[in-house]
Amino acid sequence: MSTAEQDRKDAPLDAALRQEIAALAQHAEYKRAAGTDALKLVQKRFGFVSDQHLAEVAALLEMTPAELDSVATFYNLIFRRPVGRHVILLCDSVACWVMGEAAARNHLCARLGVNLGETTQDGRFTLLPIVCLGHCDHAPAMMVDEDQHGDLDAARLDAILEGYR
Ligand code: FES
C-alpha cells in the first residue's frame, strides 16, 4: 500500500473501486454473495475495512452494515481494525500446538514486543492467531501476508522476519 493510500484510508470509496464492487455483485448469484470478495478489494486498497467503508460496501450490495459485518467477522482474514504493514497469522490448532506453537509464539512475542492481537510500535507487524493453515506436516506453521512458513523454531523465525521490512 502506498503512503498516499495510507493517508487516504478514511476517504470514501472512489468510483473505480465502486465499479469493481458493482461488477462483482453483478456476476454473483445474489448481490450479497459478493460480500467477502468486495471486502477483500477494500482491504487490498486500504489495509483494513473501516466502519465507513463497510457501510459503503453494504449499501452497494443492498445489505445492512450489520449483515455485512457478520460476514467480515466470520471470515477471519478480513481485518476490521488497522494492521501493520505485514500480518503474521500463527496457527494455534492441534498439530501446531503439539509441535511447539507455544515456543514459536513466545519467541515472536518477545522478539516483536507484542502480545497476540497487537501491532508492533513501528507498525511493521501485526501478530494474530489463526486456525489450521493446512500446513500441518510442517508444524508449527504461520503465514506472513500471503506466504506460508513452517518448521518454525527461533532461528527460522528470526530469518523469516528479516525478510519483511
Ligand atoms: S494445525 Fe497448524 S497448520 Fe494445521
Side-chain angles (χ1 to χ4, degrees), residues 1-11 13-14 16-17 20-21 24 28 33-54 57 68-165:
M1 184 168 46
S2 72
T3 306
E5 284 166 344
Q6 284 173 331
D7 289 346
R8 296 176 47 246
K9 62 188 168 199
D10 286 329
L13 301 180
D14 62 33
L17 192 47
E20 278 189 81
I21 293 168
L24 283 175
T36 305
D37 287 336
L39 293 175
K40 282 188 197 170
L41 282 179
V42 171
Q43 181 164 289
K44 189 171 177 195
R45 172 77 67 85
F46 297 96
F48 75 109
V49 179
S50 68
D51 289 345
Q52 176 191 320
H53 291 156
L54 183 95
V57 174
L68 186 58
D69 199 21
S70 70
V71 173
T73 307
F74 179 75
Y75 186 70
N76 56 14
L77 295 180
I78 297 293
F79 308 128
R80 292 285 285 116
R81 287 187 295 165
V83 290
R85 291 195 298 283
H86 305 289
V87 176
I88 300 171
L89 298 166
L90 180 65
C91 174
D92 62 3
S93 291
V94 173
C96 288
W97 179 73
V98 169
M99 294 300 289
E101 176 271 341
R105 171 171 29 92
N106 290 339
H107 186 77
L108 281 170
C109 289
R111 171 81 196 252
L112 300 175
V114 296
N115 292 312
L116 283 177
E118 295 179 348
T119 298
T120 56
Q121 279 196 334
D122 61 3
R124 189 171 156 210
F125 291 107
T126 296
L127 178 61
L128 299 171
I130 195 164
V131 294
C132 181
L133 294 165
H135 203 43
C136 321
D137 50 337
H138 290 282
M142 68 179 184
M143 286 191 75
V144 183
D145 302 334
E146 306 291 320
D147 311 323
Q148 205 160 45
H149 301 279
D151 303 313
L152 303 175
D153 59 21
R156 185 155 163 71
L157 284 166
D158 288 345
I160 291 166
L161 294 181
E162 283 305 308
Y164 297 90
R165 287 285 140 196

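Predicted model, so just to flag it, every value in this text is computed and none were measured.
Rounded to the nearest 0.5 Å, atoms CD1 (Ile130) and SG (Cys96) are 11.0 Å apart. The structure places CG of Leu54 at 6.0 Å from CG of Leu39, a figure rounded to the nearest 0.5 Å. Put simply, CG on Asp122 and CZ on Arg85 are 6.0 Å apart, with the number rounded to the nearest 0.5 Å. The distance from the NE2 atom of His53 to the CG atom of Leu41 is 12.5 Å, given to the nearest 0.5 Å. The line from CG of Leu127 to CD of Glu118 is 9.0 Å long, rounded to the nearest 0.5 Å. Summarising the geometry, atom CD belonging to Gln52 is positioned 7.5 Å from atom CG belonging to Leu13; distances are rounded to the nearest 0.5 Å.
Applying the ring pair (Phe, Tyr, Trp, His ring centres under 6.0 Å) definition to pairs two or more places apart or across chains, those involving residues 108-127 are His86-Phe125.
For the pair Ala38 and Ile21, the tightest heavy-atom approach, listed with the atom from each and the gap, is CB-CG2, 3.9 Å. Contact detail for Cys91 and Cys132: the closest heavy-atom pair is SG-CA, 3.7 Å. Listed here is the closest heavy atom pair of Leu152 and Ala104: CB-CB, 4.5 Å. Nearest heavy atom pair, residue Met99 against residue Pro140, reads O-CD, 3.3 Å.
At a threshold of 4.5 Å between non-hydrogen side-chain atoms, the residues Leu112 and Arg124 do not count as touching. Arg80 places a side-chain heavy atom less than 4.5 Å from the side chain of Asp51.
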Between Thr119 and Arg81, does a side chain to side chain contact (heavy atoms under 4.5 Å, CB included) hold up when you go through it step by step?
-> CA-CA 11 Å; Thr119 298; Arg81 287 187 295 165; over 6 Å; no
Show your working on side chain to side chain contact (heavy atoms under 4.5 Å, CB included) between Val71 and Ile78 and close with a plain yes or no.
-> CA-CA 9 Å; Val71 173; Ile78 297 293; over 6 Å; no
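Between the side chain of Gln43 and the backbone N or O of Leu77, at least one donor-acceptor pair lies under 3.5 Å.
For the side chain to side chain contact (heavy atoms under 4.5 Å, CB included) with Phe79, the qualifying choice from Thr126, Val49, Val87 is Val87, the only one to do so.
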Show me the donor-acceptor pairs within less than 3.5 Å that the side chains of residues 158-165 make with the rest of the protein, sequence neighbours left out.
| unit_1 | atom_1 | unit_2 | atom_2 | d |
| --- | --- | --- | --- | --- |
| Asp158 | OD1 | His107 | NE2 | 2.8 |
| Asp158 | OD1 | Arg111 | NH1 | 2.6 |
| Glu162 | OE1 | Arg165 | NH2 | 2.7 |
| Glu162 | OE2 | Arg111 | NH2 | 3.1 |
| Tyr164 | OH | Asp147 | OD2 | 2.6 |
| Tyr164 | OH | His149 | NE2 | 2.9 |

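The existence of a salt bridge linking Arg105 and Asp92 is excluded, since no basic side-chain nitrogen approaches an acidic carboxylate oxygen closer than 4.0 Å.
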